[in-house]
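Everything below concerns the one structure shown next.
What you see is a predicted model, and the numbers here were worked out from it, not measured in a lab. Chain letters run A, B, ... following the sequence lines, proteins first, then strands; residues in each count from 1.
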There are 2 protein chains.
Amino acid sequence: MSIIFSRQCEYALQAVTYLALKTNGEMTSIKELAKKLGIPYHFLGKILQDLTYKGLLVSQKGPSGGFRLAMPAKDITLFHVVEAIDGVGFTKNCVLGFPDCSGQNPCAVHEKWAGLRDGIYSMLVNKNIAQIAKETRKPEYV
Amino acid sequence: MSIIFSRQCEYALQAVTYLALKTNGEMTSIKELAKKLGIPYHFLGKILQDLTYKGLLVSQKGPSGGFRLAMPAKDITLFHVVEAIDGVGFTKNCVLGFPDCSGQNPCAVHEKWAGLRDGIYSMLVNKNIAQIAKETRKPEYV
DNA sequence: ATAATTTAAGATAAGAAAGTCTGATTATGA
DNA sequence: TCATAATCAGACTTTCTTATCTTAAATTAT
């Protein structure tokens, strides 16, 4: 199975997008996120914990606690989230897996892939979560 | 970890490329492939078996047996190999994992990703194994 | 025929990713 | 203060991928 981002990463993107739809400093619980997004509760908890550790979210314990974005949604790009969860390996390795593919010794699609890779990179960097939230508003989210 | 193709798929691409460097109908053993390419012997065996089942390779048992391409290298594209091993899920699913992302209800990068996805697709379709073998000839292969 | 060599096939193990469960910790509000 | 509600933390289970091992089947060459 070919994949681009791990499932954790997809969940993270969905959760961060959901949080961006919440105005002011309102906290959102794992329970609400898990329910509305259809993501396993405890698994999501781990991911949010991770995003908090990485500085993208802020958490608060206790009643009426939960998570919120650590900064304005427009300052968080897709790339920030992907980088936090999956890392940036896709920008480095040969897409065909040839072990000694490099600039000196390029595989047959080296240049072609470099262009596509840069396209993916700029897609991630140039799209912030505020845009994602605005343009991806889904019925269940309201 | 973000990845594009599975390790099996990468191994398959490397093996098929190696086989394309063999002229005429010569058979190549798993042993040689595994050794030259640095791929675990038995694991590679399974993959070659799979590629044979899918019709990309032909196998022969017994002494001086092994595998060879089932057709001219120029008739096998990267896409054929990827399709055989990993399937073509990457052409269908939302790159951000939004469950109900579609043409009617697109996510914020839906169009952007469609372009990049098509770029990856045409990269795979427009590059055949003969080209890969020619342009990716590596020292150890000779 | 027989021994040697090779793929075929299935069981099993090791590792990573995904998902679950339980209890501890922290904060709120009655 | 105290019950409650929430995250935090760790162990555990399950599932998938990767890798290994062993035996069977087929083919070749002697």
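The shortest distance between side-chain heavy atoms of Lys112(A) and Lys127(B) does not fall below 4.5 Å. Counting only heavy atoms from C-beta outward, the side chains of Ser6(B) and Ile85(B) approach each other to under 4.5 Å. With a 4.5 Å cut-off on side-chain heavy atoms, Ile120(B) and Trp113(A) count as touching.
Looking at Glu83(A), its side chain never comes within 3.5 Å of a backbone N or O of His80(A) through a donor-acceptor pair. Of the possible donor and acceptor atoms, one in the side chain of Asp86(B) sits under 3.5 Å from a partner among the backbone N and O of Met1(A). Counting only distance, with no hydrogens or angles, the side chain of Gln8(B) and the backbone of Ile47(B) share no donor-acceptor pair below 3.5 Å.
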Under 4.0 Å protein heavy-atom contact, by nucleotide of nucleotides 12-17 of chain D - B base, S sugar-phosphate only: ------
Contact letters for nucleotides 5-12 of chain C, in which S counts primed atoms plus P, OP1 and OP2 and B counts the base, heavy atoms under 4.0 Å: BBBSBB--
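Considering CG of Leu21(A) and CD1 of Ile132(A), their distance stands at 11.0 Å, rounded to 0.5 Å.
Atom pair Leu44(A):CG and dA17(C):P shows a separation of 19 Å (rounding to whole Å applied). For Ile39(A) and dT20(C), the CD1 to P distance is 12 Å, given to the nearest whole Å. The interatomic distance linking Leu33(A) (CG) with dA6(D) (P) rounds to 12 Å, in whole Å. The OH atom of Tyr53(A) sits 12 Å away from the P atom of dG10(D) (whole-angstrom rounding).
The existence of a salt bridge linking Asp50(B) and Lys54(B) is confirmed by a sub-4.0 Å separation between a basic side-chain nitrogen and an acidic carboxylate oxygen.
Proximity of Tyr11(A) to the phosphate of dG19(C): a side-chain N or O atom is located under 4.0 Å from OP1 or OP2.
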